[in-house]
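Only a predicted model underlies this, so the values are computations on that prediction, with no experimental measurement involved. Numbering of ligands and ligand atoms starts at 1, following listing order.
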Amino acid sequence: MFVYMDHTATTPTSPEVFAAMTPYFSEVFGNPSSVYSFSRKSRAAIDKARSQVASALNADPSEIFFTGSGTEADNWALKGTLEKAKLAGKNHLITTSIEHHAILHTAEYLHKLHGVEVTYLPVDSEGRVSVDDVRNAITDKTALVSVMFANNEVGTIEPVAEIGALCRERKIPFHTDAVQAAAHLNIDVKAMNIDMLSMSAHKMYGPKGVGALYLRKGLRPENFVHGGAQEKGRRASTENLAGIVGFGEAMEILKGRLEEDKAINSARRDRLIAGILERIPHAKLNGAQGEERLPNNINFSFIGVEGETLLLDLDAKGISASTGSACSSESLDPSHVLLALGLKHEMAHGSLRFTIGRLTTDEQIDYVLEVLPEIVARRRAMSPLWEDYTKSLGE
Ligand code: PLP
């Protein structure tokens with residue numbers, strides 16, 4: 001059986017989205033910036049996609065700017081805001097220690113090359129940022145607060161609306177990386193006082209290589225990609241026409257089935273979590289529970305076993321999972337997110353993430369529950385760490 005349980009790393013482009021994109025490669029291929037009527041079809045398709053994305057967020061179409069990825073949207077929000085704020089004498093960025101590397105590495109760059117002071121807020125043992133910590137970190141030099149909407153490794157949903165209200169009151173721009181959250185949660189940028197929001201199409205059954213930054217009307221961070229006058233002069237380069245069409249379509253479809261998907265995914269998520277806790281001794285669920293967790297995220301640590309080893313064993317049984325962020329899979333360092341949650345190195349190394357989605361079936365959940373306990377038990381039987389651990393418990 002082939003079981004794909006890594007929907008947080010990426011999702012397949014859905015057949016409907018693929019069909020909507022197809023004409024925009026070889027039939028309707030005109031450059032959206034050209035003036036002849038043939039190209040106006042391309043322009044119209046981009047306008048439609050912009051409205052589809054805007055409407056899903058309760059934004060105005062003029063507030064949506066397409067980018068090459070979620071990573072680019074994050075880079076733009078942070079660099080564009082901090083580089084401009086520097087001119088006004090503000091050089092302080094507040095973010096969290098559990099952000100995706102698209103934020104963390106950008107913050108490091110801003111610190112090293114632009115002297116930006118960065119505050120990395122801690123999180124509690126379930127991965128939640130405290131609104132009071134945000135409040136206490138704000139100074140008269142603060143140019144931006146950037147807190148992710150939901151974490152990609154453990155699925156914890158952050159108190160974004162409260163942080164938005166606080167930042168609005170203090171007149172500090174608030175950015176949120178909603179690359180994962182936008183695929184599962186209802187987002188209303190106005191009601192939540194969000195000034196900037198990053199998204200990515202390939203996490204929501206759209207194509208890879210296209211993202212968007214929502215920029216509230218009136219906000220003008222410095223451009224990140226300089227060049228031509230595309231995207232109203234804010235993001236240069238010829239538009240990824242088919243990709244943008246696919247993003248719009250994916251977002252509209254997603255919005256129409258959001259509540260239904262949420263119910264199905266959370267029921268399966270909870271069954272997988274309960275099954276693992278019941279069948280595998282000393283399994284630790286990482287992250288929050290219920291409504292405070294993304295409906296598709298299951299993240300466990302199994303003391304005594306390396307996550308990487310489990311991945312290979314699962315792969316041999318046809319199951320694709322992850323040990324955390326896909327982007328850190330080439331590094332053997334333990335996850336910065338799990339360490340921030342307070343896990344010891346050996347627990348952070350033994351973590352395993354399943355992220356379910358449209359490809360998941362009930363039979364697949366049963367299959368994972370049948371296969372995983374055997375794998376963990378076999379690996380633990382060979383593990384000196386597990387032996388020490390059980391001895392320390394007197395078992
Ligand atoms: N932010 C978060 C929270 C993510 O999970 C990811 C991808 O995993 C990104 C940003 C990067 O998005 P993209 O792959 O579109 O560059």
- Query: Taking heavy atoms and a distance under 4.0 Å, where does D177 meet ligand 1: side chain, backbone, both or neither?
  - Reply: side chain
- Query: Can you list the atoms of ligand 1 that are under 4.0 Å from a heavy atom of S69?
  - Reply: 15 (O), 16 (O)
- Proximity of H202 to ligand 1 by residue part, where a heavy atom lies under 4.0 Å: side chain
- Quick one: look at E99 and ligand 1, take heavy-atom pairs under 4.0 Å, and tell me if it's side chain, backbone, both or neither. neither
- Task: Answer yes or no: is there a side-chain heavy-atom contact under 4.5 Å between F174 and L144?
- Result: no
- Task: Report yes if T71 has an N/O atom closer than 3.5 Å to an N/O atom of ligand 1; otherwise report no.
- Result: yes
Show me the donor-acceptor pairs within less than 3.5 Å that the side chains of residues 87-94 make with the rest of the protein, sequence neighbours left out.
from : atom 1 : to   : atom 2 : distance (Å)
H92  : ND1    : T142 : OG1    : 2.8
H92  : NE2    : T119 : OG1    : 2.6

- Query: Strictly by modelled atom types, are E99 and T96 linked by a side-chain donor-acceptor pair under 3.5 Å?
  - Reply: yes
- Message: Under a 3.5 Å threshold, yes or no: a donor from one side chain and an acceptor from the other, between D74 and S198?
- Response: yes
- Message: Between N186 and K262, is the side chain to side chain donor-acceptor pair (under 3.5 Å) condition met? List the steps.
- Response: CA-CA 10 Å; N186 241 319; K262 206 167 152 183; over 6 Å; no
- Could you tell me whether the side chains of K208 and T10 share a donor-acceptor contact shorter than 3.5 Å? yes
- Task: Would you mind running through ligand 1 and noting each atom that sits below 4.0 Å from a heavy atom of S200?
- Result: 13 (P), 15 (O)
- Query: Within less than 4.0 angstrom of ligand 1, does K203 place any heavy atom?
  - Reply: yes
- Item | D74 and ligand 1 - part of the residue with a heavy-atom distance under 4.0 Å | side chain
- For Q180, the atoms of ligand 1 under 4.0 Å from one of its heavy atoms are 4 (C), 5 (O), 8 (O)
- Message: Tell me every residue that passes salt bridge (charged side-chain N to carboxylate O under 4.0 Å, His left out) with R378, counting only those two or more places apart in sequence or in another chain.
- Response: none
- Return yes or no for this condition: an N or O of G70 is under 3.5 Å from an N or O of ligand 1. yes
